[in-house]
Amino acid sequence: MPGNQEVMWPRLVANKILRKRLGSNNFVADFPCNKEIPSLDRPSLSPNSIFSHHKDTHNYRIFVSTWNVGGVAPPEDLDIEDLLDTGNTSCEIYVLGFQEIVPLSASNVLGSENSMVAMKWNSLIRRALNNKKKPHCLDKIQHSNEEQNKNIPGQDFRCIISKQMVGILITVWVRSYLCPYIRYPSVSCIGCGIMGCLGNKGSVSVRFRLHETSFCFVCSHLASGGRQGDEKLRNSNVSEIFSRTSFPRGPSLDLPRKILDHDRVIFLGDLNYRISLPESNVRLLVDERDWKSLLENDQLRMELMNGQFEGWNEGSIQFAPTYKYRPNSDVYYGCFHQSKKGEKKRAPAWCDRIIWYGKGLKQHEYDRGEENFSDHRPVKAIFTAEVGVLHSLKQFQSFFLSERFDRITSQTDDFVCKGRSSFQI
């Protein structure tokens with residue numbers, strides 16, 4: 001370990017000075033999404049169809065969740081289907097963000113990532129999403145292309161991006177019939193932790209284009225601390241993430257590079273914003289379930305109104321604060337009747353949040369899960385996203401649903417679990 005430090009610290013100091021981004025465009029997926037459709041595989045287009053381009057709008061449902069798992073590997077008997085609610089909700093895209101998937105240690109902070117834990121989470125997600133025993137409900141949220149989807153075979157889920165930076169993991173899954181229309185997947189990792197550059201805090205952002213609409217999901221773990229003024233550290237992290245996150249422009253130089261340049265943007269994670277009230281007041285209001293009074297003093301709500309997140313949106317919070325619990329219990333950490341001598345008291349707070357930016361997104365649900373092995377509760381949301389689809393591109397569907405394409409993609413089903421499919425865009 002001392003030798004590693006001698007090698008790593010000078011580079012990390014240089015990264016701090018040069019504001020270099022951590023990570024790369026290497027990520028794990030079931031198979032590489034095409035950057036563009038090869039010309040030899042394109043169906044022939046008549047002159048009439050070439051000049052008849054116009055955009056239709058399809059609505060796709062997106063499930064988003066964030067969960068700080070407190071450095072605890074998922075238990076063998078964890079039923080993540082409860083979190084995903086697969087028995088009652090049918091979505092086309094699932095985006096899951098995690099924080100602290102590995103315990104904080106010197107080797108982890110210096111970039112030695114334990115990919116086995118990420119693989120375990122992905123294996124649990126794959127099993128839950130592709131559980132054939134539980135039918136997916138198609139009626140909870142209506143969308144314009146529902147009849148089309150019912151007629152398409154192979155509605156299993158594939159992982160299109162899974163990226164880990166130290167303890168932050170984001171993994172994106174889509175129904176298999178959408179995979180041919182996913183292009184230009186990319187990732188950008190920003191470390192904001194120790195020295196302002198290490199990956200124990202920061203963000204992992206992923207982007208891709210679905211049909212003609214660009215998506216960006218930012219999974220973040222911001223600076224902790226419940227003392228007065230600590231929110232400024234979190235604001236600084238957000239500023240760094242927005243300014244330093246950058247994606248490739250693509251072969252045609254027309255792809256968005258910055259987070260806010262994308263058509264649909266969702267920011268999720270352990271944002272660590274607290275409630276600006278004395279601890280005793282917070283606990284009293286929590287006991288009374290007076291969410292309104294608490295939210296009036298919620299630091300993130302203040303930032304949404306006039307701060308780092310001005311212009312962003314968040315759904316109505318009708319659930320209890322998600323932090324900080326005693327693991328494997330429903331008791332908040334540091335309660336007066338439960339606290340131990342010398343134990344730090346942390347007031348309850350809504351640290352775990354999901355917010356979005358811009359038009360074209362409509363939130364239908366915003367709630368928390370009750371899985372309790374961590375000191376945080378997971379938070380989940382369901383959105384409908386408007387997606388532009390070029391009319392002439394519908395001709396490609398017959399090719400991508402052909403027997404030849406099925407043979408190509410069927411060979412890659414288990415790549416994420418086996419860890420064999422890292423590739424570079």
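Everything numeric in this text was worked out from a predicted model, so none of it was measured.
With 3.5 Å as the limit, one finds a donor-acceptor pair spanning the side chains of Asn272 and Arg274. Of the N and O atoms on the side chains of Ser239 and Gln308, not one donor lies less than 3.5 Å from an acceptor on the other residue. When only modelled atom types and interatomic distance are considered, Asn297 and Ser276 share no side-chain donor-acceptor pair under 3.5 Å. In summary, the side chains of Arg175 and Ser90 do present a donor paired with an acceptor at a separation below 3.5 Å, with no hydrogens or angles considered.
Between the side chain of Arg249 and the backbone N or O of Arg257 there is no donor-acceptor pair closer than 3.5 Å. Here the side chain of Ser176 pairs no donor or acceptor atom with the backbone of Phe157 at under 3.5 angstrom. A donor-acceptor pair under 3.5 Å is absent between the side-chain atoms of Arg61 and the main chain of Glu92, judged by distance alone. In this structure, Ser65 contributes its side chain and Leu96 its backbone to no donor-acceptor pair below 3.5 Å. A distance-only check finds no donor-acceptor pair linking the side chain of Lys380 to the backbone of Gly369 [under 3.5 Å]. A donor-acceptor pair is defined here as one N or O able to donate and one able to accept, closer than 3.5 Å; no such pair exists between the side chain of Asp375 and the backbone of Pro327. For Asp156 (side chain) and Asn130 (main-chain N/O), no donor-acceptor pair under 3.5 Å exists by modelled atom type. For Tyr332 (side chain) and Pro321 (main-chain N/O), a donor-acceptor pair under 3.5 Å exists by modelled atom type. Of the possible donor and acceptor atoms, none in the side chain of Ser252 sits under 3.5 Å from a partner among the backbone N and O of Asp254. In this structure, Gln164 contributes its side chain and Val166 its backbone to a donor-acceptor pair below 3.5 Å.
Here the side chains of Leu255 and Ser214 are not in contact, with every heavy-atom distance at 4.5 Å or above. Looking at heavy atoms from C-beta onward, Arg234 lies in side-chain contact with Gln299 at the 4.5 angstrom threshold. Side-chain contact between Leu83 and Pro378: present, with at least one pair of heavy atoms (C-beta onward) separated by less than 4.5 Å. Residues Arg264 and Glu386 are in side-chain contact: their nearest non-hydrogen atoms beyond the backbone lie under 4.5 Å apart. Residues Cys179 and Val174 meet the side-chain proximity criterion, which asks for heavy atoms closer than 4.5 Å.
Rounded to the nearest 0.5 Å, atoms CG (Leu169) and OG (Ser162) are 5.0 Å apart. Interatomic distance, Asp352 CG to Asp270 CG, rounded to the nearest 0.5 Å: 5.0 Å. Within the model, atoms SG of Cys216 and CG of Leu260 stand 8.5 Å from one another, a figure rounded to the nearest 0.5 Å. In this structure, CD1 on Ile125 lies 12.5 Å from OG1 on Thr86, to the nearest 0.5 angstrom. We find the CD1-CD distance between Ile170 and Gln99 to be 9.5 Å, quoted to the nearest 0.5 Å. In this structure, the separation between CG on Asp298 and CD1 on Ile275 is 6.0 Å, given to the nearest 0.5 Å.
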Give the C-alpha distance, both sets of side-chain angles, the deciding distance and a yes or no for side chain to side chain contact (heavy atoms under 4.5 Å, CB included) between Asn68 and His221. CA-CA 9 Å; Asn68 184 323; His221 192 183; 3.8 Å; yes
Decide yes or no on side chain to side chain contact (heavy atoms under 4.5 Å, CB included) for Thr171 and Cys159, but give the supporting numbers first. CA-CA 7 Å; Thr171 178; Cys159 179; 3.9 Å; yes
Show the numbers, then the answer: is there a side chain to side chain contact (heavy atoms under 4.5 Å, CB included) between Glu231 and Met302? CA-CA 11 Å; Glu231 68 274 12; Met302 298 175 189; over 6 Å; no
Arg353 vs Ile317, side chain to side chain contact (heavy atoms under 4.5 Å, CB included): CA-CA, chis, key distance, verdict: CA-CA 10 Å; Arg353 311 287 274 270; Ile317 293 179; 3.7 Å; yes
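Taking the six-membered ring wherever Trp is involved, the centroid distance between the rings of Tyr366 and Phe319 falls below 6.0 Å. Ring to ring, Phe373 and Trp67 are close: their centroids are under 6.0 angstrom apart.
The local environment of CD in Glu76 is sparse, with at most 12 non-hydrogen atoms from other residues, nucleotides or ligands closer than 6.0 Å. Residue-environment remark: CD (Glu310) exceeds the threshold of 12 foreign heavy atoms within 6.0 Å.
Evaluation of the ring-ring contact (aromatic ring centres under 6.0 Å, His included) test over residues 280-306, restricted to residues two or more places apart or in two chains, returns Trp291-Trp350.
Taking the six-membered ring for Trp and thresholds of 30 and 60 degrees, Phe267 and Phe242 have ring planes more than 60 degrees apart, a perpendicular arrangement. Between Phe208 and Phe217, the ring planes lie parallel to each other; the angle is under 30°, not in the 30° to 60° tilted range.
The two residues Met165 and Cys189 come nearest to each other via the heavy atoms SD-CB, 3.7 Å. In plain terms, the two heavy atoms of Leu178 and Ile93 that are nearest each other are CD1-CG1, 4.4 Å.
For Lys258, the side chain to side chain contact (heavy atoms under 4.5 Å, CB included) partners are Ser246, Asp261, not counting sequence neighbours.
A cation-pi arrangement is absent between Lys163 and Phe27 under the rule of less than 6.0 angstrom and at most 45 degrees off the ring axis.
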Atom pairs and distances, side-chain donor-acceptor, residues 356-363, under 3.5 Å, sequence neighbours left out:
none

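A salt bridge is absent between Asp290 and Lys292; no separation between the charged side-chain nitrogens and carboxylate oxygens falls under 4.0 Å. For Arg377 and Asp367, the salt-bridge test fails: no basic side-chain N is under 4.0 Å from an acidic carboxylate O.
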